[in-house]
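What follows is one structure encoded as structure tokens, with my remarks underneath.
Proteins come first, then strands; the chains are lettered A, B, ... in the order of their sequence lines, and each starts at number 1.
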Amino acid sequence: MRYSHLFAPTLREVPADVEMVSHKLLLRAGFIRQLVTGVYEFLPLGYRTLTKVSDIIRDEMNKQGAQELLLPAMHPKELWAESGRDVTMSEVLIGFKDRKGTEYYLGPTHEEVITNLVRKSVQSYRDLPLNLYQIQMKFRDEARPRGGLIRCREFLMKDGYSFDRDEEGLNIVYNKMFEAYTSIFKRCGLDITPVDASGGAIGGKETKEFMLLTDAGEDSILICPGCGYAANQEIADFRVDDTDEFMPFQPIRTVSTPGAHTIEQVCNFLKAYPYQLIKTLIYMADGKPVAAMIRGDRELNEGRLRVLLGASALEMATPEQILEYTGGPVGFSGPIGLNIPLYADEEIRYLKNFVIGANELDAHIINANWSDIKSDITWSKLRFAVEGDICEVCGEPFIEKRGIEMGHVFKLKYSISEPMNAVYTDEEGNEKLMIMGCYGIGVSRIIAAVAETSNDANGLIWPMSIAPFQVHLILANATDEVQRLLADSIYNQLLSAKIDVLYDDREERAGVKFKDADLIGIPIQVIVGKTAADGKAEIRDRAAKLSEIVEKMQIIDNISNRIQSAL
RNA sequence: CGGGGCGUAGCGCAGCUUGGUUAGCGCGCAUGUUUUGGGAACAUGAGGUCGCGAGUUCGAAUCCCGCCGCCCCGACCA
């Protein structure tokens with residue numbers, strides 16, 4: 001490709017309000033442009049890299065026996081009603097109507113569509129297992145798109161789905177996909193940490209997220225330096241401190257706390273610490289109220305509570321509902337006298353003389369103890385793990401890191417096949433549910449992740465495997481005939497050798513070309529300049545910033561060797 | 001959805017507080033001359049619904065109201 005024909009509008013400056021490094025560099029280097037919030041155009045350079053990432057994914061998926069197909073982006077609403085996810089995922093679904101008024105969604109993920117396809121086409125155990133995937137744009141009405149390609153409303157995703165006869169089959173394909181993912185990220189030059197995770201709205205039991213650990217990450221990851229256990233904060237398992245220290249009980253009493261409805265205000269008013277308070281949170285679980293109690297300085301893990309309750313929808317009660325079920329306003333809820341199910345975090349089991357709400361305006365109860373609470377209480381781990389919590393496995397304290405989720409493998413099991421009745425007939429003629437797994441990778445997000453982690457003050461630095469081109473050939477002075485002849489000759493030789501080359505033949509000053517080359521970040525730069533008179537060119541490593549002067553006869557071999565060793 | 005910030009030429013910004021010529025600067029773009037290995041110099045020139053709408057006023061980029069869009073921070077997820 002000749003640069004003079006390339007559509008790659010590089011920028012010297014970027015909008016001041018763009019924060020993330022990858023976002024800035026991908027914009028500046030002419031890889032992407034934004035249409036509206038969370039929706040991007042992939043320019044030729046960006047699309048080349050996207051294609052290279054996709055090809056690596058295909059290669060590794062196919063190696064593990066998966067088959068590529070392409071499913072529709074527009075889904076009839078009824079299909080989503082079958083799985084019930086038209087309700088549970090309603091916030092991210094982007095819908096529209098056709099001319100007849102039939103409702104559709106743009107696919108945010110494809111479990112429904114693929115399960116429908118497979119259940120119609122597969123009858124016998126002989127047709128299983130199946131492992132199918134596609135690479136396609138996904139559409140999600142994200143609450144907050146951010147960071148350029150990090151979090152988009154329209155993004156390229158590889159999504160794969162497996163259908164097996166039994167758990168054993170699922171385990172085999174799940175492990176294969178885990179292997180494939182490990183290889184994919186490695187080949188893309190990403191250092192990825194697999195962590196335990198929760199299934200989220202897609203459901204599923206056993207799941208691993210592939211995390212890129214970076215301060216720019218959106219998720220919190222807890223890592224145990226002792227045994228290597230790593231998990232998303234939402235499910236990280238920790239050991240609860242269950243020491244029961246002796247402490248004399250104080251007389252319980254109700255005190256006036258005018259205007260103090262936050263933990264901080266109550267603490268200031270009562271001269272207490274947040275860990276001496278118990279906050280009582282009122283939730284609506286599938287329409288029924290429950291109370292969850294947790295230490296004042298902790299955060300409730302709604303995922304854990306939802307699992308404990310077996311609820312599909314869990315949301316905080318409205319002020320009106322709180323008034324109805326507790327008799328008091330928001331900020332003064334407490335367990336005494338409540339007529340709704342009580343759940344408490346195990347951590348507060350041995351707390352004594354604690355502070356709780358009195359279920360009336362401007363009043364709290366101090367020196368409360370569990371013997372004062374007559375209702376039944378269900379104890380469970382309800383809070384989020386935090387840095388310093390003790391690893392359940394080995395007893396070492398966790399450290400916390402930030403991460404970006406690059407991929408996810410789930411064992412869906414029967415969560416989709418059951419509501420959608422995806423069945424097959426087994427050897428004995430019995431009808432059985434297919435067991436499913438699903439496997440996703442954010443393809444466009446990989447580009448952002450690599451850009452985020454591999455760059456310097458001058459621009460991007462692509463690994464050979466996914467660089468838009470392998471070689472950036474620079475004709476330093478386009479008006480110098482000797483230079484042009486040598487550069488043309490090298491260009492043609494590289495093309496013949498099937499090496500991906502971008503040839504900067506523009507009539508620009510050398511400095512402009514060097515700046516653009518460093519910004520775009522192609523790993524090998526070949527500079528044809530002053531040394532052309534001696535029949536030599538300069539080969540420069542973008543990442544190491546090291547150059548060598550090479551005789552023209554050896555240039556192609558030198559480059560080929562560099563490419564081979566980089567791949 | 002809550003909080004904060006921003007919207008003026010392709011890009012980056014000033015002007016707005018205190019309304020008043022023809023709305024300005026840098027980069028980029030076009031033409032010419034010189035230059036030619038790290039984002040050249042000079043000269044000339046083109047380029048604007050001041051986000052949109054309604055209002056106040058003799059007069060609005062500037063003041064008021066409404067809307068839209070964008071970025072950042074939190075609740076949600078590849």
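Here A:V92 lies out of heavy-atom contact (under 4.0 Å) with every strand. Among the atoms of the strands shown, none is found under 4.0 Å from any heavy atom of A:D480.
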Discussion item. Across nucleotides 32-48 of chain B, 5' to 3', mark each nucleotide with B, S or - according to how protein heavy atoms within less than 4.0 Å reach it.
Written reply: ---BSBBBB--------
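The separation of B:G38 from B:G48, taken at their P atoms, amounts to 36 Å, rounded to a whole angstrom. One P atom belongs to B:G20, the other to B:A75, and the distance between them is 45 Å to the nearest Å. For the P atom pair drawn from B:C68 and B:C29, the interatomic distance equals 38 Å after rounding to whole Å. With C1' as the reference atom, B:A46 and B:G28 are 13 Å apart, rounded to whole Å. A distance of about 16 Å separates the P atoms of B:C6 and B:C65, rounded to the whole Å. The separation of B:G15 from B:G51, taken at their P atoms, amounts to 15 Å, rounded to a whole angstrom. With both ends at atom C1', the span from B:G2 to B:G47 equals 41 Å, rounded to whole Å. B:C1 and B:C52: their C1' atoms are spaced 24 Å apart (whole Å).
Between A:F185 and A:Y181, the ring planes are perpendicular. Angles over 60° get that label, and only those under 30° would be called parallel.
The side chain of A:S444 contributes no N or O atom lying less than 4.0 Å from OP1 or OP2 of B:A78.
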Check residues 29-38 of chain A and write down every donor-acceptor pair under 3.5 Å in which the side-chain atom is one partner and the other belongs to a residue at least two apart or another chain.
residue, atom, partner, partner atom, Å
A:R33, NH1, A:L27, O, 2.8
A:R33, NH2, A:P9, O, 2.6
A:Q34, NE2, A:Y40, OH, 3.1

Tell me which donor-acceptor pairs under 3.5 Å the side chains of residues 520-536 of chain A have, and how far apart each pair is, sequence neighbours excluded?
residue, atom, partner, partner atom, Å
A:Q525, OE1, A:R540, NH1, 2.7
A:Q525, NE2, A:D518, OD1, 2.8
A:T531, OG1, A:K536, O, 2.9

What pairs of donor and acceptor atoms, side-chain ones from residues 141-150 of chain A against any protein atom, are under 3.5 angstrom apart with sequence neighbours left out?
residue, atom, partner, partner atom, Å
A:E142, OE1, A:R151, NE, 3.4
A:E142, OE1, A:R151, NH2, 3.2
A:R146, NH1, A:E218, OE2, 2.9

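Relative to the ring axis of A:F155, A:K138 does not place its NZ or CZ within 45° and under 6.0 Å from the centre.
Applying the salt bridge (Lys or Arg N to Asp or Glu O under 4.0 Å) rule to A:K545 yields the partners A:D456; only residues at least two apart in sequence or on another chain are considered. Contacts of A:E112 classified as salt bridge (Lys or Arg N to Asp or Glu O under 4.0 Å), with partners at least two apart in sequence or in another chain: A:R85. Residues meeting the ring pair (Phe, Tyr, Trp, His ring centres under 6.0 Å) test with A:Y104, sequence neighbours left out: A:F96. Not counting sequence neighbours, A:F163 has no partner by the ring pair (Phe, Tyr, Trp, His ring centres under 6.0 Å) test.
Between A:Q34 and A:L149, the residue whose closest nucleotide on RNA chain B is further toward the 5' end is A:Q34.
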Protein-nucleotides 72-75 of chain B N/O pairs closer than 3.5 Å?
residue, atom, partner, partner atom, Å
B:C73, OP2, A:R144, NH1, 3.3
B:C73, OP2, A:R144, NH2, 2.8
B:G74, N7, A:R144, NE, 3.4

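Across all strands shown, B:C27 forms a Watson-Crick or G-U wobble pair, both distances under 3.5 Å, with B:G10. Pairing for B:C67 is with B:G51, a Watson-Crick or G-U wobble pair whose two hydrogen-bonding atom distances lie under 3.5 Å. In this structure, B:A46 forms no base pair with any nucleotide, since neither Watson-Crick nor G-U wobble geometry is met with both distances under 3.5 Å. If you check B:A78 for Watson-Crick or wobble pairing at under 3.5 angstrom, you find it has no partner at all.
Exactly one residue among A:Y439, A:Y174, A:Y133 makes a side chain to side chain donor-acceptor pair (under 3.5 Å) with A:S162. That residue is A:Y439.
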